[in-house]
Amino acid sequence: MEIQLDQSTTPFDLEHTLRCGQLFQWEKRGDWWYGVVGEMVVKIRQINDRLVFQTFPEEVDADFIKNYFRLDDNLPLILSKIDKDGHVRRAIQRFRGLRISRQEPWECLISYICATYKNIPAIKNMILNLSKRFGEKINFNSHYFYTFPKPSDLAHAGLEEIKECKLGFRAERVLEASKIVDRGEFNLEGLRKTDYEKAKRELLSLPGVGQKVADCVLLFSLDKLEAFPVDIWMKRIILGFYQNYFGASFVERVLGKSSITPGEYETISSFGRRYFGEYAGYAQEYLFPLSRSQGKLVALDSCNR
DNA sequence: TCTGGACCTAA
DNA sequence: TAGGTCCAG
(Lines give C-alpha, C1' and ligand atoms only; values in the text may rest on other atoms or scores of the structure.)
Protein backbone atom coordinates (compact mmCIF):
# COMPACT_ATOMS: atom_id res chain seq x y z
CA MET A 1 0.00 0.00 0.00
CA GLU A 2 0.96 3.57 -0.43
CA ILE A 3 0.44 6.97 1.08
CA GLN A 4 0.98 10.02 -1.06
CA LEU A 5 2.46 12.88 0.92
CA ASP A 6 2.46 16.53 0.05
CA GLN A 7 5.65 17.79 1.65
CA SER A 8 4.40 21.38 1.76
CA THR A 9 1.26 20.58 3.75
CA THR A 10 2.22 17.22 5.29
CA PRO A 11 5.99 17.17 5.68
CA PHE A 12 7.28 13.81 6.81
CA ASP A 13 10.71 12.24 7.00
CA LEU A 14 10.63 8.55 7.84
CA GLU A 15 14.38 8.34 8.36
CA HIS A 16 14.52 11.16 10.93
CA THR A 17 11.41 9.83 12.63
CA LEU A 18 12.66 6.27 13.05
CA ARG A 19 16.18 7.31 14.02
CA CYS A 20 15.29 10.02 16.54
CA GLY A 21 15.48 7.66 19.49
CA GLN A 22 11.83 7.55 20.52
CA LEU A 23 11.20 4.06 19.14
CA PHE A 24 13.00 0.86 20.00
CA GLN A 25 11.28 -1.73 17.79
CA TRP A 26 12.54 -0.67 14.37
CA GLU A 27 15.40 -1.93 12.30
CA LYS A 28 16.62 -1.14 8.80
CA ARG A 29 17.42 -3.88 6.33
CA GLY A 30 18.51 -2.67 2.93
CA ASP A 31 16.12 0.04 1.77
CA TRP A 32 13.32 -1.05 4.07
CA TRP A 33 12.48 -0.37 7.69
CA TYR A 34 10.94 -3.26 9.63
CA GLY A 35 9.11 -2.72 12.86
CA VAL A 36 6.52 -4.33 15.09
CA VAL A 37 3.43 -2.27 15.80
CA GLY A 38 0.78 -3.95 17.89
CA GLU A 39 0.21 -7.42 16.42
CA MET A 40 1.70 -6.49 13.06
CA VAL A 41 5.05 -6.48 11.40
CA VAL A 42 5.34 -3.32 9.34
CA LYS A 43 7.69 -3.00 6.38
CA ILE A 44 8.01 0.53 5.13
CA ARG A 45 10.13 2.90 3.08
CA GLN A 46 9.84 6.44 1.84
CA ILE A 47 10.55 7.38 -1.75
CA ASN A 48 10.34 11.16 -1.98
CA ASP A 49 6.67 11.96 -1.42
CA ARG A 50 5.56 8.36 -1.37
CA LEU A 51 5.30 6.19 1.71
CA VAL A 52 5.25 2.55 0.66
CA PHE A 53 4.36 -0.08 3.21
CA GLN A 54 3.23 -3.63 3.80
CA THR A 55 2.00 -5.28 6.97
CA PHE A 56 1.87 -8.90 8.10
CA PRO A 57 0.02 -11.10 9.04
CA GLU A 58 -2.88 -8.76 8.33
CA GLU A 59 -3.32 -5.91 5.93
CA VAL A 60 -4.03 -2.54 7.42
CA ASP A 61 -5.30 0.60 5.77
CA ALA A 62 -3.47 3.89 5.44
CA ASP A 63 -5.12 5.26 8.59
CA PHE A 64 -3.17 2.80 10.70
CA ILE A 65 0.11 4.23 9.43
CA LYS A 66 -1.15 7.81 9.54
CA ASN A 67 -2.17 7.34 13.14
CA TYR A 68 1.12 5.74 14.16
CA PHE A 69 3.28 8.45 12.63
CA ARG A 70 0.92 11.25 13.66
CA LEU A 71 0.43 12.37 10.08
CA ASP A 72 -2.75 13.98 11.45
CA ASP A 73 -0.63 16.57 13.26
CA ASN A 74 -0.47 19.90 11.45
CA LEU A 75 3.31 19.92 11.42
CA PRO A 76 3.80 23.23 9.56
CA LEU A 77 1.62 24.93 12.18
CA ILE A 78 3.38 23.17 15.05
CA LEU A 79 6.83 24.06 13.75
CA SER A 80 5.84 27.68 13.29
CA LYS A 81 4.64 27.78 16.90
CA ILE A 82 7.84 26.36 18.40
CA ASP A 83 10.10 28.39 16.11
CA LYS A 84 11.13 30.79 18.87
CA ASP A 85 14.81 31.35 18.19
CA GLY A 86 17.85 30.42 16.10
CA HIS A 87 18.55 27.22 18.02
CA VAL A 88 15.19 25.59 17.32
CA ARG A 89 15.19 27.05 13.84
CA ARG A 90 18.42 25.24 13.02
CA ALA A 91 16.99 22.02 14.44
CA ILE A 92 13.82 22.48 12.39
CA GLN A 93 15.77 23.06 9.20
CA ARG A 94 17.95 20.09 9.85
CA PHE A 95 15.29 17.60 10.88
CA ARG A 96 12.24 18.88 8.98
CA GLY A 97 9.70 16.11 8.66
CA LEU A 98 10.60 14.52 11.98
CA ARG A 99 7.43 13.52 13.77
CA ILE A 100 6.61 12.18 17.18
CA SER A 101 5.08 8.73 16.85
CA ARG A 102 1.89 7.65 18.56
CA GLN A 103 3.00 4.58 20.47
CA GLU A 104 0.75 2.15 22.25
CA PRO A 105 0.70 3.40 25.90
CA TRP A 106 1.40 0.07 27.58
CA GLU A 107 4.41 -0.69 25.41
CA CYS A 108 5.63 2.88 25.78
CA LEU A 109 5.35 2.68 29.58
CA ILE A 110 7.37 -0.51 29.92
CA SER A 111 9.92 0.65 27.34
CA TYR A 112 10.66 3.84 29.22
CA ILE A 113 10.76 2.14 32.61
CA CYS A 114 13.46 -0.01 31.01
CA ALA A 115 15.20 3.03 29.51
CA THR A 116 16.27 4.23 32.94
CA TYR A 117 20.03 4.63 33.07
CA LYS A 118 20.67 2.77 29.80
CA ASN A 119 21.79 3.71 26.32
CA ILE A 120 19.68 3.09 23.24
CA PRO A 121 21.34 -0.13 22.03
CA ALA A 122 20.91 -1.65 25.49
CA ILE A 123 17.27 -0.53 25.66
CA LYS A 124 16.53 -2.09 22.27
CA ASN A 125 18.13 -5.26 23.50
CA MET A 126 15.96 -5.40 26.64
CA ILE A 127 12.77 -4.81 24.65
CA LEU A 128 13.76 -7.50 22.15
CA ASN A 129 14.55 -9.96 24.94
CA LEU A 130 11.18 -9.34 26.60
CA SER A 131 9.38 -9.73 23.27
CA LYS A 132 11.23 -12.91 22.36
CA ARG A 133 10.44 -14.47 25.70
CA PHE A 134 6.88 -13.28 26.31
CA GLY A 135 5.58 -12.04 22.96
CA GLU A 136 4.36 -13.83 19.85
CA LYS A 137 6.68 -14.87 17.10
CA ILE A 138 5.91 -13.80 13.53
CA ASN A 139 7.77 -15.10 10.52
CA PHE A 140 7.87 -12.54 7.72
CA ASN A 141 10.21 -12.15 4.75
CA SER A 142 12.25 -15.02 6.19
CA HIS A 143 12.92 -13.10 9.38
CA TYR A 144 11.47 -13.58 12.84
CA PHE A 145 9.74 -10.74 14.62
CA TYR A 146 8.19 -10.65 18.08
CA THR A 147 5.18 -8.70 19.32
CA PHE A 148 5.45 -6.81 22.59
CA PRO A 149 4.12 -8.82 25.56
CA LYS A 150 0.68 -8.09 26.97
CA PRO A 151 0.26 -6.90 30.58
CA SER A 152 -0.89 -10.36 31.65
CA ASP A 153 2.15 -11.98 30.02
CA LEU A 154 4.51 -9.95 32.17
CA ALA A 155 2.29 -9.86 35.27
CA HIS A 156 2.31 -13.65 35.45
CA ALA A 157 5.99 -14.03 34.71
CA GLY A 158 8.53 -14.74 37.41
CA LEU A 159 10.90 -12.05 38.55
CA GLU A 160 13.84 -14.23 37.59
CA GLU A 161 12.45 -14.75 34.09
CA ILE A 162 12.24 -11.01 33.58
CA LYS A 163 15.69 -10.49 35.02
CA GLU A 164 17.01 -12.96 32.47
CA CYS A 165 15.96 -10.48 29.80
CA LYS A 166 18.85 -8.32 31.08
CA LEU A 167 16.61 -5.84 32.85
CA GLY A 168 18.64 -5.73 36.03
CA PHE A 169 17.05 -3.67 38.80
CA ARG A 170 14.30 -2.61 36.34
CA ALA A 171 12.85 -6.13 36.41
CA GLU A 172 11.06 -5.61 39.72
CA ARG A 173 9.61 -2.28 38.57
CA VAL A 174 8.39 -3.78 35.30
CA LEU A 175 6.84 -6.73 37.09
CA GLU A 176 5.06 -4.60 39.70
CA ALA A 177 3.80 -2.11 37.12
CA SER A 178 2.57 -5.00 34.98
CA LYS A 179 0.62 -6.49 37.88
CA ILE A 180 -1.09 -3.18 38.57
CA VAL A 181 -2.08 -2.71 34.93
CA ASP A 182 -3.07 -6.36 34.53
CA ARG A 183 -5.37 -6.20 37.58
CA GLY A 184 -7.17 -3.34 35.89
CA GLU A 185 -6.18 -0.93 38.66
CA PHE A 186 -4.63 1.52 36.26
CA ASN A 187 -6.37 2.77 33.13
CA LEU A 188 -3.57 3.93 30.87
CA GLU A 189 -5.80 4.60 27.89
CA GLY A 190 -8.12 6.67 30.05
CA LEU A 191 -5.35 9.20 30.65
CA ARG A 192 -5.70 10.31 27.03
CA LYS A 193 -8.68 12.44 27.94
CA THR A 194 -7.26 13.56 31.27
CA ASP A 195 -5.36 16.83 31.39
CA TYR A 196 -1.56 16.83 31.48
CA GLU A 197 -1.03 17.67 35.14
CA LYS A 198 -3.49 15.10 36.46
CA ALA A 199 -2.39 12.38 34.05
CA LYS A 200 1.20 12.94 35.12
CA ARG A 201 0.34 12.70 38.82
CA GLU A 202 -1.38 9.39 38.18
CA LEU A 203 1.50 7.97 36.19
CA LEU A 204 3.92 8.94 38.96
CA SER A 205 2.15 6.50 41.26
CA LEU A 206 3.42 3.55 39.21
CA PRO A 207 6.64 1.80 40.24
CA GLY A 208 9.60 2.77 38.06
CA VAL A 209 7.86 5.91 36.85
CA GLY A 210 9.49 9.19 37.80
CA GLN A 211 9.03 12.57 36.13
CA LYS A 212 11.08 11.74 33.06
CA VAL A 213 9.40 8.42 32.32
CA ALA A 214 5.97 9.97 32.97
CA ASP A 215 6.63 12.80 30.52
CA CYS A 216 7.86 10.36 27.87
CA VAL A 217 4.74 8.22 28.18
CA LEU A 218 2.50 11.29 28.06
CA LEU A 219 4.24 12.73 25.01
CA PHE A 220 4.87 9.57 23.03
CA SER A 221 1.66 7.68 23.65
CA LEU A 222 -1.04 9.82 25.26
CA ASP A 223 -1.18 12.87 22.99
CA LYS A 224 0.16 15.30 25.60
CA LEU A 225 2.21 17.40 23.20
CA GLU A 226 3.03 19.95 25.91
CA ALA A 227 5.01 17.36 27.90
CA PHE A 228 8.71 18.23 27.97
CA PRO A 229 10.83 15.26 29.10
CA VAL A 230 14.19 16.24 30.55
CA ASP A 231 16.96 13.69 30.45
CA ILE A 232 20.64 14.33 30.83
CA TRP A 233 20.93 15.40 27.18
CA MET A 234 17.99 17.77 27.27
CA LYS A 235 19.37 19.26 30.47
CA ARG A 236 22.64 20.03 28.70
CA ILE A 237 20.89 21.44 25.65
CA ILE A 238 18.48 23.67 27.54
CA LEU A 239 21.05 24.96 30.03
CA GLY A 240 23.48 25.45 27.15
CA PHE A 241 21.19 27.29 24.76
CA TYR A 242 18.92 29.05 27.25
CA GLN A 243 21.14 29.63 30.26
CA ASN A 244 20.08 33.28 30.41
CA TYR A 245 16.61 32.16 31.47
CA PHE A 246 18.03 30.54 34.59
CA GLY A 247 20.15 31.83 37.45
CA ALA A 248 23.89 31.49 36.93
CA SER A 249 24.27 29.45 40.11
CA PHE A 250 21.45 27.12 39.01
CA VAL A 251 23.12 26.50 35.65
CA GLU A 252 26.50 25.84 37.20
CA ARG A 253 25.12 23.56 39.89
CA VAL A 254 22.90 21.50 37.60
CA LEU A 255 25.42 21.13 34.78
CA GLY A 256 28.06 20.05 37.25
CA LYS A 257 26.36 16.82 38.23
CA SER A 258 24.97 13.84 36.42
CA SER A 259 21.55 13.56 38.04
CA ILE A 260 18.98 16.22 38.85
CA THR A 261 16.55 16.60 41.72
CA PRO A 262 12.79 16.61 41.17
CA GLY A 263 12.79 20.35 41.78
CA GLU A 264 15.47 20.98 39.18
CA TYR A 265 13.64 18.74 36.74
CA GLU A 266 10.47 20.75 37.19
CA THR A 267 12.35 24.04 36.75
CA ILE A 268 13.77 22.95 33.38
CA SER A 269 10.68 21.12 32.17
CA SER A 270 8.27 23.92 33.05
CA PHE A 271 10.60 26.38 31.33
CA GLY A 272 10.25 24.25 28.20
CA ARG A 273 6.47 24.21 28.42
CA ARG A 274 6.26 27.94 29.09
CA TYR A 275 8.83 28.99 26.49
CA PHE A 276 7.72 26.73 23.63
CA GLY A 277 4.04 26.55 24.46
CA GLU A 278 1.43 23.91 23.76
CA TYR A 279 3.72 21.95 21.41
CA ALA A 280 6.76 21.99 23.69
CA GLY A 281 7.14 18.25 23.24
CA TYR A 282 7.82 18.76 19.55
CA ALA A 283 10.47 21.35 20.39
CA GLN A 284 12.08 18.79 22.67
CA GLU A 285 11.95 16.19 19.90
CA TYR A 286 13.65 18.48 17.41
CA LEU A 287 16.31 19.68 19.86
CA PHE A 288 17.11 16.23 21.16
CA PRO A 289 18.92 14.83 18.11
CA LEU A 290 21.32 17.79 18.26
CA SER A 291 22.82 16.19 21.34
CA ARG A 292 23.65 13.05 19.43
CA SER A 293 25.49 14.77 16.61
CA GLN A 294 29.22 15.26 17.05
CA GLY A 295 29.50 18.66 15.41
CA LYS A 296 26.75 20.19 17.49
CA LEU A 297 28.08 18.81 20.72
CA VAL A 298 31.21 20.89 20.28
CA ALA A 299 29.03 23.93 19.78
CA LEU A 300 27.12 23.00 22.92
CA ASP A 301 30.29 22.65 24.96
CA SER A 302 31.59 26.02 23.89
CA CYS A 303 28.18 27.44 24.67
CA ASN A 304 28.44 26.24 28.24
CA ARG A 305 31.65 28.06 28.99
C1' DT B 1 12.23 19.68 49.71
C1' DC B 2 17.03 18.33 49.09
C1' DT B 3 21.33 15.14 48.97
C1' DG B 4 23.86 10.96 48.50
C1' DG B 5 24.15 6.40 47.12
C1' DA B 6 22.55 1.95 45.47
C1' DC B 7 20.89 -0.33 41.64
C1' DC B 8 21.93 -4.41 36.96
C1' DT B 9 24.53 -4.82 32.66
C1' DA B 10 26.85 -3.73 28.55
C1' DA B 11 28.27 -0.73 24.56
C1' DT C 1 29.09 5.91 31.75
C1' DA C 2 24.45 4.97 29.97
C1' DG C 3 17.84 8.90 27.80
C1' DG C 4 16.57 7.78 36.27
C1' DT C 5 14.11 6.00 40.22
C1' DC C 6 13.83 4.95 44.93
C1' DC C 7 15.04 5.04 49.74
C1' DA C 8 17.02 6.79 53.85
C1' DG C 9 18.68 10.67 56.56
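Each chain gets a letter, A, B and so on, in the order its sequence line appears, and its residues count up from 1.
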Salt-bridge present (A:Glu27, A:Lys124; N to O < 4.0 Å)
no

From C:dA2, B:dT3, C:dG4, nucleotide with atom closest to A:Arg236 side chain
C:dA2

Send over the distance from A:Glu160 CD to B:dT9 P, rounded to a whole Å.
10 Å

With a non-hydrogen cut-off below 4.0 angstrom, is A:Val213 in contact with a base, only sugar-phosphate, or nothing?
sugar-phosphate

With A:Tyr146, which residues qualify under ring-ring contact (aromatic ring centres under 6.0 Å, His included), at least two apart?
none

What's A:Pro262 touching, base or sugar-phosphate or nothing? Going by heavy atoms closer than 4.0 Å.
nothing

Which is true for A:Leu204 with a 4.0 Å heavy-atom rule: it touches a base, it touches only sugar-phosphate, or it touches nothing?
nothing

Under the side-chain contact (heavy atoms from CB on, under 4.5 Å) test against A:Leu167, which residue among A:Leu130, A:Leu175, A:Ile110, A:Ile127 passes?
A:Leu130

Look at all strands and tell whether A:Asp231 reaches a base, only sugar-phosphate, or nothing, counting heavy atoms closer than 4.0 Å.
base

So what does A:Glu172 touch, heavy atoms closer than 4.0 Å: a base, only the sugar-phosphate, or nothing?
nothing

State, without any angle test, whether A:Asn141 and A:Tyr34 hold a side-chain donor-acceptor pair at a distance under 3.5 Å.
yes

Can you tell me how far apart NE2 (A:His87) and CD1 (A:Ile237) are? Round to the nearest 0.5 Å.
11.0 Å

Salt-bridge contact A:Glu136-A:Lys150 (side-chain N to carboxylate O under 4.0 Å):
no

NA contact type, A:Ile113, heavy-atom cut-off 4.0 Å: base, sugar-phosphate, or nothing?
nothing

Would you write the dot-bracket representation of DNA chain C, where each base gets (, ), [, ], | or . depending on whether it forms a Watson-Crick or G-U pair under 3.5 Å and with which partner?
||.||||||

Ring pair (Phe, Tyr, Trp, His ring centres under 6.0 Å), paired with A:Tyr112, selected from A:Trp106, A:Phe220, A:Tyr117
A:Phe220

What nucleotide among C:dA2, C:dT5, B:dC2 has an atom nearest to a side-chain atom of A:Trp233?
C:dA2

Is the ring centre of A:Phe288 under 5.5 Å from the base ring centre of C:dG3, and are the two planes under 30° apart, so that they stack?
yes

Identify which nucleotide among B:dT3, B:dC7, C:dT5 has an atom closest to any side-chain atom of A:Glu264, counting heavy atoms from C-beta outward.
B:dT3

At 4.0 Å (heavy atoms only), tell me whether A:Lys118 reaches a base, stays on the sugar-phosphate, or touches nothing.
base

Nearest whole angstrom, please: distance from the P of C:dA2 to the CE of A:Met126.
15 Å

Per A:Lys166 side chain, nearest of listed nucleotides C:dA2, B:dC8, B:dT9
B:dT9

